[in-house]
Amino acid sequence: MQNLLHNLNPEQLAAVTLPAQPALILAGAGSGKTRVLTTRIAWLIQTGQVSPAGILAVTFTNKAAKEMMTRLSAMMPINTRGMWIGTFHGLCNRLLRAHYRDAALPQAFQILDTQDQLSMIKRLLKANNIDDEKYPPRNLMYFINGAKDNGLRAHDVEAFDDYNRKMVELYALYDQQCQREGVVDFAELLLRTYELLLRNQPLREHYQARFRHILVDEFQDTNNLQYNWLKLMAGTQGAVFAVGDDDQSIYAFRGANVGNMSAFEREFKVENLIKLEQNYRSHGHILDTANTLIANNTKRLGKNLHTDAGHGEPVRIYEATSDLQEAQWIIEEAKSLIAEGSARNEIAILYRSNAQSRVIEHALFSANIPYRVYGGQRFFERAEIKHAIAYLQLMDNPHNDSAFLRVVNFPTRGIGARSLEQLQDAAKQYGISLYAAVPYVTGKAGTSLGAFIKLVEGMRFETLQLPLKEMVDVVINSSGLIAHYQNEKEGADRIENLEQLVSAASLFVSEEGFGHDAPAGLGPQSEASAGTPLVVGDGIEIIDADVPLVTVMSPLSAFLSHASLEAGDNQAQAGQDALQLMTVHSAKGLEFDAVFITGLEEGLFPHENSQKEEGGVEEERRLMYVAITRARRRLYISFSQTRMLHGQTRYNMKSRFFDEMPESSLKWLSPKVQQHHWFASPKAEWDNAFGESTNKIAQNMGKQAMGWRIGESVAHAKFGEGVIVNIEGSGSSARAHINFGRHGMKLLDLSIAKLDKLSA
DNA sequence: ACCGTTCAGTGGCCC
DNA sequence: ACTGAACGGT
């Protein structure tokens, strides 16, 4: 015990040992939040306050859940069985599997990922002759997900105009279609579980009594449905231990509601609010920079990080002339860091948007520096894997139309658009799935469709008694996928991936505790042993979901859930000692010795779209705060005078965030170049080192009128600082397009507008 | 079935 | 500038 708690600072210790009451822990970046969460769990169990079965710990990512598990088992000889640590979606999946009847789902229900959901919506629109120009599938998807995230079914959504009435109607149709097919989307997992608990009192009371301690990670990222889900799960007795940081709330765009933090404090009558402000990650200058910046936000719960680590080095700021040159500079700096002994994977290059990575990657590639880009395509999202999965889905639940359509003619087997049209008509007419509608199609189309059904049935029959690994192996071969890719020029990688899917299945079986030789395709292996059936009140029997998945679903169903819920690593190749490239969003939760934050320009960071959004700039500022606090020892921030975006050169102003950072912690590496000065100096001076594209810019910048040049910085009484982006006309009738950053782009008459030359 | 062309859209992304 | 989807021709 002493062991468990020693080395905690007073605030951490206080948080870990709080009584069983609602608590809100404001955990700043690098303040040991995961440590507090895991130690709290260990402490609760070791002191005998709760059994492992009484713990529910919720995270947003599988990675975080795994991390918590790992750290817990390092802390105590833990009996992981019975403890519920997982993502919202993973936990909901588990509950719905155990209580599928009460939730009105088929036992083998399947989970749609975003791709599947979109394709399903497209099909729905087509089947109902809806103009997809007027109702873009993507919009409908956002509409549906948005409604679900707020706990609203179609009949709950109020529509005030015809357009929205139609959207609501389509939402209802969509849900019907999902129900017919036996599939649920991500939001549905949450909503269905919420409704299940809301309506089923015995079940609700059972879980409320069971989970005496509910711990939530990244609480600031919860959406409204998740918040209400937690409320329902907690009941009146559950001790919810919410850990979060309002300053790191960067996911409003996908429904996260920071307001849940204060709502939690209010509605749960939180008496225990603890701030973890001691930072163990970053040096002082870095922390000061973060603190000063974030102080510009108005809506904060209030928190100020401090460190014992000393000031360390100042934050280095660099002004580049072009995005290309910015990349060159990064590489030079990175090289010298490496030369000084830094590990490559301790250096991160962050950017606001993915489009920025291209230039940097190109430069790294040319310089022969290994790097790794996060956020690429994930394993289970690859086309060939989705195809193999679709065959498996059809074998487990033939009514999944998305899976059917994905592979009915892949590899090609002569089933074209005409045949499918006939099939879809039949399915619509009888209100059944495509699979079930095949017998109603006659003629040649019927024959080839029948052959496809035979293929799937054949694979199912053949693998009925086989373990999962072998089932997958049979599927990738008998389906013709392997053969198909063998004939393809670039098919080798895909075949390799398919083979990796077989290994993944094997690994899954051993990790999830399914017997290696247990048949994959049969239902639950041991229905009788499913937990301890509880009989409550009216004789309703509850089988607690606290059982290995194997007892509530077949290995195949479990593997398919796994494929949907854990799409795999979000990073490209596993080149170990490589520079780390990623967006600021995906850097959240990570830390590095040295960090480059690039593209600090108005319009890019803060992003231009954020200006129009309510609270948008504050979210951008939090994003910058997250970026800064990733760095341990050394931080670089750069911006560029020109940048290629969407095929044209843009002249951006430096980000307003520079005005919000403490000058005393910054060190400007480049002399503050006066932009009108560029042309006074020989072009070659800044051209020789960095590539040819500066040439074009220079030529373009040569254009001038009324003593003003493109690219020049100006000051305007009303709009403040700006950059001349273009000049049209000449002489006294010339007009200039000027980018005033936060005031937007203005077209000013050069003979009228009062402009001052800006000397920076 | 497969190809080349055209065209819109282009912010971040967990499950 | 680049991508992915949609379209139309062979």
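Just so it is clear: chains get the letters A, B, ... in the order the sequence lines come, proteins before strands, and each one is counted from 1.
When the side chain to side chain donor-acceptor pair (under 3.5 Å) test is applied to A:E326, the partners found at least two apart in sequence or on another chain are A:S638, A:R643. With sequence neighbours excluded, the residues satisfying side chain to side chain donor-acceptor pair (under 3.5 Å) with A:N257 are A:N224, A:N260. Listed by chain and residue number, A:R97 satisfy the side chain to side chain donor-acceptor pair (under 3.5 Å) test with A:S561 (two or more places apart in sequence, or in another chain). A:N297 is linked by a side chain to side chain donor-acceptor pair (under 3.5 Å) to A:R621, counting only residues two or more places apart in sequence or in another chain. With sequence neighbours excluded, the residues satisfying salt bridge (Lys or Arg N to Asp or Glu O under 4.0 Å) with A:K66 are A:E566. Judged as a salt bridge (Lys or Arg N to Asp or Glu O under 4.0 Å), and not counting sequence neighbours, A:K444 has no contacts.
Atom C1' of nucleotide C:dC2 and atom NE2 of A:H362 are separated by 15 Å, given to the nearest angstrom. Rounded to an integer number of Å, the gap from CG of A:D132 to P of C:dG4 is 20 Å. Separating the CD atom of A:Q377 from the P atom of C:dT3 is a distance of 14 Å, rounded to the nearest angstrom. Rounded to an integer number of Å, the gap from OH of A:Y142 to P of B:dG12 is 11 Å. Put simply, CE on A:M644 is 5 Å from P on C:dA1, counting in whole angstrom units. Between A:R358 atom CZ and C:dA1 atom C1' there is a gap of 7 Å when expressed in whole angstrom units. Spacing between atom CG of A:L125 and atom C1' of C:dA6 amounts to 16 Å, rounded to whole angstrom units. Rounded to whole angstrom, the span from the CD atom of A:E618 across to the P atom of B:dG12 amounts to 22 Å.
Across all strands shown, A:F60 has heavy atoms under 4.0 Å from sugar-phosphate atoms exclusively, and none from any base. Contacts of A:S564 with the nucleic acid, taken as non-hydrogen atoms under 4.0 Å apart, are absent. Among the heavy atoms of the strands, none lies under 4.0 Å from A:D221.
Between C:dA5 and B:dG12, the two C1' atoms lie 23 Å apart (nearest whole Å). Straight-line distance between the P atoms of C:dG4 and B:dC13: roughly 16 Å, to the nearest whole Å.
A donor-acceptor pair under 3.5 Å is absent between the side-chain atoms of A:R352 and the main chain of A:H607, judged by distance alone. Within the 3.5 Å criterion, the main-chain N or O of A:E608 finds no donor-acceptor partner in the side chain of A:Q611.
The shortest distance between the side-chain N/O atoms of A:T583 and the OP1/OP2 oxygens of B:dC13 is below 4.0 Å. At B:dC13, none of the side-chain N or O atoms of A:R378 fall inside 4.0 Å of OP1 or OP2 (strictly under the cut-off).
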Check nucleotides 7-11 of chain B against the protein and report each pair of N or O atoms closer than 3.5 Å, with its distance, or say if there are none.
| residue | atom | partner | partner atom | Å |
| --- | --- | --- | --- | --- |
| B:dG11 | O4' | A:H607 | NE2 | 3.2 |
| B:dG11 | O6 | A:E613 | OE2 | 2.3 |
| B:dG11 | N1 | A:E613 | OE2 | 3.2 |
| B:dG11 | N2 | A:R352 | NH2 | 2.7 |
| B:dG11 | N2 | A:E620 | OE2 | 2.9 |
| B:dG11 | N3 | A:R352 | NH2 | 3.1 |

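Taking the six-membered ring for Trp and the full ring otherwise, A:Y485 and A:H387 have centroids separated by 6.0 Å or more.
Nearest nucleotide to the side chain of A:H89, out of C:dC2, B:dC15, B:dC13: B:dC15.
Near DNA chain B, meaning a heavy atom under 4.0 Å away, the residues from residues 400-414 of chain A are A:N409, A:T412, A:G414.
Place A:A567 and A:H484 on DNA chain B by their nearest nucleotides, and A:H484 ends up nearer the 5' end.
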Identify every side-chain donor-acceptor pair in residues 131-142 of chain A under 3.5 Å, counting partners at least two apart or on other chains, and give the distances.
| residue | atom | partner | partner atom | Å |
| --- | --- | --- | --- | --- |
| A:D131 | OD1 | A:E133 | N | 2.9 |

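The side-chain ring of A:Y251 is not stacked on the base of B:dG12, judged by centre separation under 5.5 angstrom and plane angle under 30 degrees.
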